[in-house]
Number of protein chains: 2
Amino acid sequence: MKKSTKKKATIYDLSVLSGCSASTISAVLNGTWRQRRISESTAERILGLARDHNYTTNMQARGLRSSQSGLVALLLPVHDSRYFSSMAQTFDARVRERGQCPIVISTCRDPKEEYQTVETLISYSVDTLLIAGATDPDSIHRLCKEAGLKHINIDLPGRSGPSVITDNYAGAVELTWSIINSFSDDDSITPSDIYMFGGRDDHNSRERNRGFRDVKDAHFKTKTEETIVPTGYAPGFAQKAFEEFYETHGNLPRGIFVNSSINYEGLLRFMAKHPPETFENLVIGCFDYDPFGSFLPFQVTMVRQDVEKMIDRAFQLIDAGEMTPRTYLIPPQFVPQRTALTGPLDLLKDVP
Amino acid sequence: MKKSTKKKATIYDLSVLSGCSASTISAVLNGTWRQRRISESTAERILGLARDHNYTTNMQARGLRSSQSGLVALLLPVHDSRYFSSMAQTFDARVRERGQCPIVISTCRDPKEEYQTVETLISYSVDTLLIAGATDPDSIHRLCKEAGLKHINIDLPGRSGPSVITDNYAGAVELTWSIINSFSDDDSITPSDIYMFGGRDDHNSRERNRGFRDVKDAHFKTKTEETIVPTGYAPGFAQKAFEEFYETHGNLPRGIFVNSSINYEGLLRFMAKHPPETFENLVIGCFDYDPFGSFLPFQVTMVRQDVEKMIDRAFQLIDAGEMTPRTYLIPPQFVPQRTALTGPLDLLKDVP
DNA sequence: ATTGATTGCACCATCGATTGTGCAATTTTG
DNA sequence: CAAAATTGCACAATCGATGGTGCAATCAAT
């Protein structure tokens, strides 16, 4: 019983077909018909008609009227990292559970793109916005606030809104200890054996740096010299940093704290240019979990940021209307070598 | 010069402020003012006002009127795989270049979610839809067609619309040869040494299976027995398949063609339960590229599906209005062991 | 049988932008 | 200088759904 006319059915079409007014149709179809005292029988009749003509609500019209959209957006620096893609996967699932429509957008860490994208999202009346790793959270916060858009920072904190982030310090401390403890006592290491690569001058990097330094200082019982090489987040820059270190010293540091899985890819690029033996005794600690990265042929421990808890907490705060600029820390999970965690990928509705 | 009232400026606000009519404002702001013979001076004045009051178009209103949205959507089975996340990354970049707004949504390979999601997207008047790995492309095609939504299949072909997919057969052939050729001549292998794990009964798997069989038959100069273990796409099922094989045979096959990077994660889970020595002489060929997966401690070659070309071709076809149900094959890229390709991640606008 | 409450729905303005049409004022043409 | 052409803009209908308000019909109560 499908209309062969190309156009989609509207409440007006159903209005004519049913003999009811458009407002009645509207009420029935959006579920408010009980409050509007539409009789059960008319409701059923209309719902039947709607099914037959496979009516679907025009969300633009509804959105225009109600200035809502049912869309919930996640703003990502990049898609192509297992940290962010697992975040997207979890986000999608959670938003669907809430009966809304999840959309995910990346901005390549470009502040201009970020700003414009948020403006666009606002113009679509997106209901809620999760901002992951914004480079300039505060100006985005201002935008959202002016538009009355519920939003929250994930991963990187902002000064003006609530933020749910990983406990970077705690994670860095654990990771650094695990690197140091990988070396047996008789195989003595010096402060210059342990380096940190990656990151830049953002909150997360600073906290990770602090954890790294504190543990080094505690272990070597002295204020150790600077062994942190910030490279930004792009893999190419990290690669260059490894190359330079290698050229200067003739080898890599014996233990390396890698600031993120994207920086870890910089190490991959370095590895591709050097024989496997170069890495036989390497000890890596990576802040971020990548399942394949956990099985590389050297000692590698990882820290998995708990995206599920972060997303859940974010929605709790949003539902509670909490907009105070507070930062909520989520403890990350320490991941030993050769570990394949189950994750959002297991949400696949697939048959064996 | 910002209005302190919370509400966003509309063309009517600007209309009052400028003394012009709303239609004039509209024309100026959407760029059609020349055709509507609005004088340059009024245009400039209005544009100035718009800037001062930081006007932005309400896309829901525009969309309602013009039944367009400026949104371009990519439907993904899952986010959390480097194949799909690199596809998303490339997609985002391309759509931005076209001045539209990219949105990415995953459906967990759930046909019901897929269908509903497409319905939702239609109700938002999404302009264009790229469908990656739909489980039921044809019913989705029908939906889109009825709604007049421009769409195209990526990755998995549909019978009713145009499809841009990887040349799975060619990729599988190359990959299988590379597995076989990894064994030196004096280290003779038998047909039962080479297995294929993963995939199920979809077009891509069938083509990959065919390539695998053809090469095996050619190499062993005989119709070889069945050595394909379909497991579906979920990592958990693949893991189970490896476990079962191992229990039955006491070892893994010497050479394994893994159907996808997600199945490869099933192998990871298996690996986590067995000592590293188990895998020392393993030869893996994986259909899909994962940078970390390329550095695992055994021989592993991969096939990278060329997402850039796929996306580009898809947009070409869409722009050309090509809606004939034809399948366009994109040759994949063979990736040797220990290779770290640059990719969409390098789009990161980051500073060293 | 009258009054009052309740049921069941229709009417209509509204959200913000787009666009076909009309018309006065100005400029050009002959 | 009158007619024709052009310029510059205003008017109003429209996209599809929402929700406040109003009103007739039915039912209950006195």
Side-chain angles (χ1 to χ4, degrees), chain A residues 3 5-46 50 53-70 119-120 122-125 127 147-148, chain B residues 3 5-46 50 53-70 120 122-125 147-148:
Chain A
K3 293 179 69 180
T5 73
K6 283 287 174 186
K7 303 291 359 153
K8 302 209 59 177
T10 72
I11 55 171
Y12 297 100
D13 299 331
L14 297 185
S15 159
V16 173
L17 287 165
S18 66
C20 295
S21 77
S23 64
T24 301
I25 310 283
S26 170
V28 169
L29 293 172
N30 68 28
T32 62
W33 55 280
R34 289 193 183 282
Q35 329 165 23
R36 288 182 80 79
R37 297 180 322 208
I38 309 293
S39 72
E40 194 118 13
S41 58
T42 10
E44 277 170 14
R45 197 161 45 85
I46 293 177
H53 296 263
N54 50 64
Y55 167 89
T56 54
T57 310
N58 178 324
M59 293 308 229
Q60 311 225 46
R62 169 180 291 176
L64 174 57
R65 188 58 234 260
S66 56
S67 47
Q68 285 203 357
S69 66
E119 279 191 319
T120 306
I122 289 175
S123 75
Y124 283 109
S125 303
D127 293 338
Chain B
K3 293 179 69 179
T5 72
K6 283 287 173 187
K7 304 290 1 152
K8 302 209 59 177
T10 71
I11 55 170
Y12 297 100
D13 299 332
L14 297 184
S15 159
V16 173
L17 287 165
S18 66
C20 295
S21 77
S23 62
T24 301
I25 310 283
S26 171
V28 169
L29 293 172
N30 68 28
T32 61
W33 55 278
R34 289 192 183 283
Q35 329 164 25
R36 290 182 78 79
R37 298 179 323 207
I38 309 292
S39 71
E40 193 119 13
S41 58
T42 4
E44 275 170 15
R45 198 161 45 86
I46 291 176
H53 295 262
N54 49 67
Y55 167 90
T56 55
T57 309
N58 179 323
M59 294 308 238
Q60 312 227 44
R62 169 179 293 176
L64 174 58
R65 188 59 235 260
S66 56
S67 49
Q68 285 203 357
S69 66
T120 306
I122 289 175
S123 74
Y124 283 109
S125 304

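Order of the sequence lines fixes the chain letters, A, B, ..., with proteins taken first and strands second; residue numbering starts at 1 for each chain.
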Under 4.0 angstrom, heavy atoms only, what part of the nucleic acid is A:T57 near: base, sugar-phosphate, or nothing? sugar-phosphate
Just checking B:T42: base, sugar-phosphate only, or nothing, at a heavy-atom cut-off of under 4.0 Å? sugar-phosphate
If only atom types and distance count, is the side chain of A:D127 paired as donor or acceptor with the main-chain N or O of A:G70 below 3.5 Å?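 Looks like yes, one N/O pair under 3.5 Å.
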Would a distance-only check, ignoring hydrogens and angles, find a side-chain to backbone donor-acceptor pair under 3.5 Å from B:S66 to B:R62? yes
Could you tell me whether the side chains of B:T42 and B:S39 share a donor-acceptor contact shorter than 3.5 Å? yes
Tell me the interatomic distance from [X], atom [atom1], to [N], atom [atom2], rounded to whole angstroms.
| X | N | atom1 | atom2 | answer |
| --- | --- | --- | --- | --- |
| B:E40 | D:dT7 | CD | C1' | 14 Å |
| A:I46 | D:dA17 | CD1 | P | 13 Å |
| A:I11 | C:dC12 | CD1 | P | 15 Å |
| B:I38 | C:dG20 | CD1 | P | 14 Å |
| A:Y12 | D:dA17 | OH | P | 7 Å |
| A:Q60 | D:dT18 | CD | C1' | 16 Å |
| A:L14 | D:dA17 | CG | C1' | 12 Å |

Going by the rule salt bridge (Lys or Arg N to Asp or Glu O under 4.0 Å), which residues pair with A:R34 if we only count those two or more places apart in sequence or in a different chain? A:E40
Quick one, give me the B/S/- string for nucleotides 19-29 of chain D, reading 5' to 3', where B means a protein heavy atom under 4.0 Å from the base and S means that only happens at the primed atoms, P, OP1 or OP2. BBB--------
Could you walk me through whether B:R45 and B:C20 pass the side-chain contact (heavy atoms from CB on, under 4.5 Å) check? CA-CA 10 Å; B:R45 198 161 45 86; B:C20 295; 3.7 Å; yes
B:Y55 side-chain N/O to C:dA17 phosphate OP1/OP2 under 4.0 Å: yes
Can you figure out which of [options] approaches the side chain of [X] most closely?
| X | options | answer |
| --- | --- | --- |
| A:C20 | C:dA10, D:dA10, D:dA17 | C:dA10 |
| A:T10 | C:dC9, D:dT18, D:dG16 | D:dG16 |
| A:L64 | D:dG8, C:dA17, C:dG16 | C:dG16 |

Using side chain to side chain contact (heavy atoms under 4.5 Å, CB included) as the criterion, list what pairs up with B:S21, not counting sequence neighbours.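 Once residues adjacent in sequence are excluded, the partners of B:S21 under the side chain to side chain contact (heavy atoms under 4.5 Å, CB included) criterion are B:S23, B:T24.
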As a quick check of understanding, evaluate side chain to side chain donor-acceptor pair (under 3.5 Å) for B:T56 and A:E119, giving each step before the final call. CA-CA 8 Å; B:T56 55; A:E119 279 191 319; 6.0 Å; no
